[in-house]
Q: 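Got a structure for you, questions after.
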2 protein chains.
Amino acid sequence: MDQRFSPLKARLAARREAGVTDGLDNCPIRTVVSSFANKWSPLVLQLLSEQPYRFGELRRLVPDISQRMITQSLRDLQRDGYVSRTVFPTKPPSVEYRITPLGQSLYEAYRSLVDWAEDNHEKVRAARAAFDAGEGA
Amino acid sequence: MDQRFSPLKARLAARREAGVTDGLDNCPIRTVVSSFANKWSPLVLQLLSEQPYRFGELRRLVPDISQRMITQSLRDLQRDGYVSRTVFPTKPPSVEYRITPLGQSLYEAYRSLVDWAEDNHEKVRAARAAFDAGEGA
DNA sequence: CTGGATCCTCTATGATACTG
DNA sequence: CAGTATCATAGAGGATCCAG
């Protein structure tokens, strides 16, 4: 039976009963999500889902990203197998980043969250404003 | 026309052209995702998607969460309208947290990412191991 | 052009003690 | 029971300079 469909409550209880001691550090979800859910990786992956880009092109597309963070985001995406990196030994060198099939499928899953955000961010802003107003009173 | 379907590249270019200066701070996606994508909120929302819980029950279900962080996660979820908080004036007091329709629909969108992670985390681990091995060589 | 190396700051998270 | 207040720490992210 597919453990995925058991309630999270039951899974957490089973972990405790089994004496699992590692916290949730190698939880499958965290393995994937915690490395992806940072400030820039989702944005970079979305751009690469449209077409391949070179390093400098990505920088120009996202002006407020620092050089250090775009490098790190690309490395993280590459490390997890979401993008490939190809060096063309021109002079000066050029490097192309291209999304992989794994990355494309991750992006499509992430996309449902993006769509939800675009559809519902007004409701969230409204709830936030109402909550903050209630607090001030 | 629905701007959602224009490429991100075009949207970023339009922002620059319009002289938008706020970085991406009020990007609809960040408004939603950056407050939700922290260490504990997704886990708490998932538990509440199964049934309502009281404060202490949630603590016991997630043993390695600190008191401070569960409070903050619940406040953040409440603030954005994803969960409701009901105080029962018993003695000692008890407080019930319950997911809202907005929270339920967010959870369903997030769920596609969870499912992807469960289906593909082995591939990600493998890619990561291969990458790290290549680095060491 | 594509980064690597350093230094610095700020925020998220955690530990602990206290309260209605 | 359900929190709040305070202090401490690790890591993310940013600025800057340097190099193949």
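Reminder, nothing fancy here: chain letters follow the sequence lines and each chain counts from 1.
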Q: Send over the distance from I70(B) CD1 to dT16(C) P, rounded to a whole Å.
A: 18 Å

Q: Are L12(B) and V33(B) linked, directly or through other ILVMFWY residues, by side chains that come within less than 4.5 angstrom of each other?
A: yes

Q: What nucleotide among dG3(C), dC1(C), dG3(D) has an atom nearest to a side-chain atom of T71(B)?
A: dG3(D)

Q: Between atom NZ in K91(A) and atom C1' in dG20(D), what is the gap in whole Å?
A: 11 Å

Q: Check each residue of residues 41-63 of chain A for a non-hydrogen atom within less than 4.0 Å of any atom in DNA chain D, then write out the ones that pass by number, or none.
A: none

Q: Which heavy atom in D64(A) sits nearest to a heavy atom in G23(B), and how many Å separate them?
A: OD2-CA, 3.1 Å

Q: In whole Å, I'd like the distance from the CD atom of Q67(B) to the P atom of dA5(D).
A: 13 Å

Q: Without decimals, in angstroms, what is the distance between E135(A) CD and dG3(D) P?
A: 12 Å

Q: Mark yes or no for whether S112(B), through its side chain, and A109(A), through its backbone, hold a donor-acceptor pair below 3.5 Å.
A: yes

Q: Just the rounded figure in Å: distance from C1' of dA12(D) to CG of D76(A).
A: 11 Å

Q: Kindly indicate whether the side chain of L43(B), heavy atoms from C-beta on, has any atom under 4.5 Å from the side chain of L24(A).
A: yes

Q: What's the spacing between R98(B) CZ and S84(B) OG if we round to 0.5 Å?
A: 6.5 Å

Q: Pick out the pairs of N or O atoms, protein on one side and nucleotides 12-14 of chain C on the other, that lie under 3.5 Å.
A:
| unit_1 | atom_1 | unit_2 | atom_2 | d |
| --- | --- | --- | --- | --- |
| dT13(C) | OP1 | K39(B) | N | 2.9 |
| dG14(C) | OP1 | K39(B) | NZ | 2.7 |
| dG14(C) | OP2 | W40(B) | NE1 | 2.9 |
| dG14(C) | N7 | R68(B) | NH1 | 3.4 |
| dG14(C) | O6 | R68(B) | NE | 3.2 |

Q: Could you give me the CA-CA distance, side-chain angles and deciding distance for Y53(B) and L47(B), then say whether side-chain contact (heavy atoms from CB on, under 4.5 Å) is met?
A: CA-CA 8 Å; Y53(B) 282 110; L47(B) 280 165; 4.2 Å; yes

Q: In terms of side-chain heavy atoms, does S35(A) have a donor or acceptor partner in D80(A) at a distance below 3.5 Å?
A: yes

Q: Is the phosphate of dG3(D), meaning OP1 or OP2, less than 4.0 Å from a side-chain N or O of R85(B)?
A: yes

Q: Parallel, tilted or perpendicular: which one describes the rings of F36(B) and Y82(B), with boundaries at 30° and 60°?
A: perpendicular

Q: Rounded to the Å, how far apart are E96(B) CD and dA2(D) P?
A: 11 Å

Q: Could you tell me whether the side chain of L106(B) reaches within less than 4.5 Å of the side chain of N120(A), counting heavy atoms only?
A: no

Q: From C-beta outward on V95(A), which listed nucleotide comes closest to its side chain: dA2(D), dG3(C), dT4(D)?
A: dG3(C)

Q: What is the distance from CZ of F88(A) to P of dG3(C), rounded to the nearest Å?
A: 13 Å

Q: Of the nucleotides dT2(C), dC1(C), dG3(D), which has the atom closest to the P92(A) side chain?
A: dC1(C)

